[in-house]
*Asks:* 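Input: one structure, supplied below.
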Amino acid sequence: MKLKAVFLADDRDEKIEQVFNAKIRGTMKTMVDLHPVYIHPGNAEERLEELRDVRIAFATWGFLPSVRKCCIVICLI
């Protein structure tokens with residue numbers, strides 16, 4: 001069984017897609033159960049139930065303040 005994973009983003013999903021292009025995301029999907037929606041401060045709380053079993057979080061540069069907010073929400077589960 002694959003571990004569940006998620007991308008943590010700020011409100012600009014294009015940075016995730018720039019760093020993790022379609023080929024890389026495709027490869028990642030063969031290794032982990034990747035959540036289909038990027039999680040950001042604006043949608044983290046409403047998706048808490050979906051994120052209950054997430055064990056891996058991916059992010060990229062410039063996301064520290066947003067990632068910290070999302071991680072706090074996710075870790076409270």
*Asks:* Just do the side chain to side chain contact (heavy atoms under 4.5 Å, CB included) check on K2 and K29 with the steps written out, would you?
*Replies:* CA-CA 9 Å; K2 295 180 191 176; K29 287 178 184 179; 5.7 Å; no
*Asks:* Examine I24 and V32 and state if one hydrophobic cluster contains both, with Ile, Leu, Val, Met, Phe, Trp and Tyr joined whenever side-chain heavy atoms are less than 4.5 Å apart.
*Replies:*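 Same hydrophobic cluster.
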*Asks:* I'd like to check E17 versus R25 (side-chain heavy atoms, cut-off strictly below 4.5 Å). Are they in contact?
*Replies:*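 With C-beta onward as the side chain, the pair touches.
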*Asks:* Could you tell me whether a side-chain N or O of K15 sits under 3.5 Å from a main-chain N or O of A59, the two making a donor and an acceptor?
*Replies:*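 No, because the side chain of K15 does not come within donor-acceptor range (under 3.5 Å) of the backbone of A59.
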*Asks:* With rounding to the nearest 0.5 angstrom, report the CD1 to CG distance, I16 to L8.
*Replies:* 7.5 Å
*Asks:* Is there a path from V37 to L51 through hydrophobic residues (I, L, V, M, F, W, Y) whose side chains come within less than 4.5 Å of each other?
*Replies:*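 No, no single cluster joins them.
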*Asks:* Let me confirm one number: the CE-CD1 distance from M28 to I56, rounded to the nearest 0.5 Å.
*Replies:*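 CD1 of I56 is found 8.5 Å from CE of M28.
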*Asks:* Minimum heavy-atom separation for P41 to A9, with atom names?
*Replies:*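 What the structure gives for the nearest pair is CD-O, 3.6 Å.
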*Asks:* Would you give the length of the straight line joining atom CD of E50 to atom CD1 of I39, rounded to the nearest 0.5 angstrom?
*Replies:* 6.5 Å
*Asks:* Could you tell me how the ring of F7 sits relative to the ring of Y38: parallel (under 30°), tilted (30 to 60°) or perpendicular (over 60°)?
*Replies:* perpendicular
